[in-house]
Amino acid sequence: MKLLAELVLLSLTTILANNYVLVKFLGICPFLGVSKKVGTAVGMSVAVTFVMTVASVVTYFVQILLDAAGIGYMQTVAFILVIAVLVQLVEMAIQKFSPSLYGALGIYLPLITTNCAVLGVALLNVQEGFDFVHTLVYSFSAGLSFMLAIVLFAGVRERLETADIPKYLQGFPIALVTAGLLALAFLGFSGMKF
């Protein structure tokens, strides 16, 4: 029971108070680039969540092997290789099963490899000393935090398309203002600490 409560708290804290995009500011490139339509944002966030979760699980075992071999300093290189392989697999699957989503995601799909949120989660799992269960829950929750941020932002951006916005704020400027307001709102979950 105590473990379940601990895992639920870890998950909620990761999704809301420590949101990877709006609080930790990781994964901003796809957040801004793929958030014009909710459908595209959902597709990207599912791909990122999958890669983030599976990469963290695989890197958990890779870290054990690196430590056993005495080459823990190769951690970042090994983790990036794992992430790159997973992204290639996801890219091939999306291209085969959903060509329209593949076309909509464009260059941002292969850029999941360099998404600092994916690598950040894998590294933080090791840094925090999480066991396998905590690694799995934390990684999946981090993916959900990315999903929450990008889908909320995409919904707002879709509504802004029809809003009466001054000409000098239309497009990307109002998107940045909106992102800033969303980030401020999410700071409320952590008690507005600056």
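Under the 4.5 Å side-chain heavy-atom criterion for ILVMFWY residues, no single connected hydrophobic cluster contains both F61 and F140. V77 is connected to V82 through a chain of hydrophobic side-chain contacts under 4.5 Å among Ile, Leu, Val, Met, Phe, Trp and Tyr, so both are in one cluster. The cluster map of Ile, Leu, Val, Met, Phe, Trp and Tyr, joined by side-chain heavy atoms under 4.5 Å apart, puts L22 and L16 in the same cluster. A chain of hydrophobic side-chain contacts below 4.5 Å, direct or via other Ile, Leu, Val, Met, Phe, Trp or Tyr residues, connects V51 to V42. Under the 4.5 Å side-chain contact rule for hydrophobic residues, L86 and L81 share a cluster.
In this structure, CG in L123 is found 5.0 Å from CD in Q75, a value given to the nearest 0.5 Å. Note: T13 OG1 to N18 CG = 6.5 Å, rounded to the nearest 0.5 Å. Note that CD1 of I174 and CG of L160 are 6.0 Å apart. Values are rounded to the nearest 0.5 Å. In this structure, CD1 in I28 is found 13.0 Å from NZ in K24, a value given to the nearest 0.5 Å. Atom CG of L182 and atom CG of N19 lie 9.5 Å apart (nearest 0.5 Å). Between L3 atom CG and L7 atom CG the span is 4.5 Å, to the nearest 0.5 Å.
Checked by atom type and distance alone, the side chain of T162 pairs as donor or acceptor with a backbone atom of R159 at under 3.5 Å. T59 places a side-chain N or O within 3.5 Å of a backbone atom of S56 that can act as its donor or acceptor partner. Put simply, the side chain of S11 never gets that close to the backbone of V8: no donor and acceptor are under 3.5 Å apart. In this structure, D67 contributes its side chain and G72 its backbone to no donor-acceptor pair below 3.5 Å. Not one N or O on the side chain of S98 forms a donor-acceptor pair closer than 3.5 Å with the backbone of I94.
Clustering of Ile, Leu, Val, Met, Phe, Trp and Tyr by side-chain heavy atoms under 4.5 Å joins M1 with none of the others.
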Assess whether side-chain contact (heavy atoms from CB on, under 4.5 Å) is satisfied between L32 and F153, documenting all intermediate values. CA-CA 9 Å; L32 293 173; F153 190 53; 3.9 Å; yes

Report the C-alpha distance between F31 and F146 in whole Å, list the side-chain angles of each, state the deciding distance to 0.1 Å, and finish with yes or no for ring-ring contact (aromatic ring centres under 6.0 Å, His included). CA-CA 8 Å; F31 173 73; F146 181 84; 7.7 Å; no

Might you work through the side-chain contact (heavy atoms from CB on, under 4.5 Å) test for V126 and F79, ending with a clear yes or no? CA-CA 11 Å; V126 174; F79 287 11; 3.9 Å; yes

Report the C-alpha distance between Y20 and M52 in whole Å, list the side-chain angles of each, state the deciding distance to 0.1 Å, and finish with yes or no for side-chain contact (heavy atoms from CB on, under 4.5 Å). CA-CA 12 Å; Y20 265 79; M52 199 177 276; 5.6 Å; no

Between M44 and I112, does the side-chain contact (heavy atoms from CB on, under 4.5 Å) criterion hold? Intermediate values first, please. CA-CA 9 Å; M44 173 58 98; I112 294 174; 3.8 Å; yes

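Of all heavy-atom pairs between F25 and A183, the closest is CE2-CB, 4.1 Å. Nearest heavy-atom pair, S35 versus I150, reported as atom, atom and distance to 0.1 Å: CB-CG1, 4.0 Å. The shortest heavy-atom contact between I83 and A55 is CG1-CB, 3.8 Å. Scanning all heavy atoms of the two residues, the minimum distance from N115 to A117 falls at OD1-N, 2.9 Å. The heavy-atom pair separating V21 from A149 by the smallest distance is CB-CB, 3.8 Å. Taking both residues in full, the closest heavy atoms of A47 and V90 are given as CB-CG1, 3.9 Å, listed atom of the first, atom of the second, then distance.
Annotation: K36, atom NZ; neighbour count of heavy atoms from other residues, nucleotides and ligands within 6.0 Å does not exceed 12. The neighbour count for F130 CZ, taken as heavy atoms of other residues, nucleotides or ligands under 6.0 Å away, is above 12.
H134 and E128 are not linked by any side-chain donor-acceptor pair at a separation below 3.5 angstrom, with hydrogens and angles left out of the test.
Screening V48, T49, I15, L152 for a side-chain contact (heavy atoms from CB on, under 4.5 Å) involving M147 leaves a single residue, T49.
Taking the side chain as every heavy atom from C-beta outward, F50 and L89 never approach each other to under 4.5 Å. Looking at heavy atoms from C-beta onward, E158 lies in side-chain contact with V38 at the 4.5 angstrom threshold.
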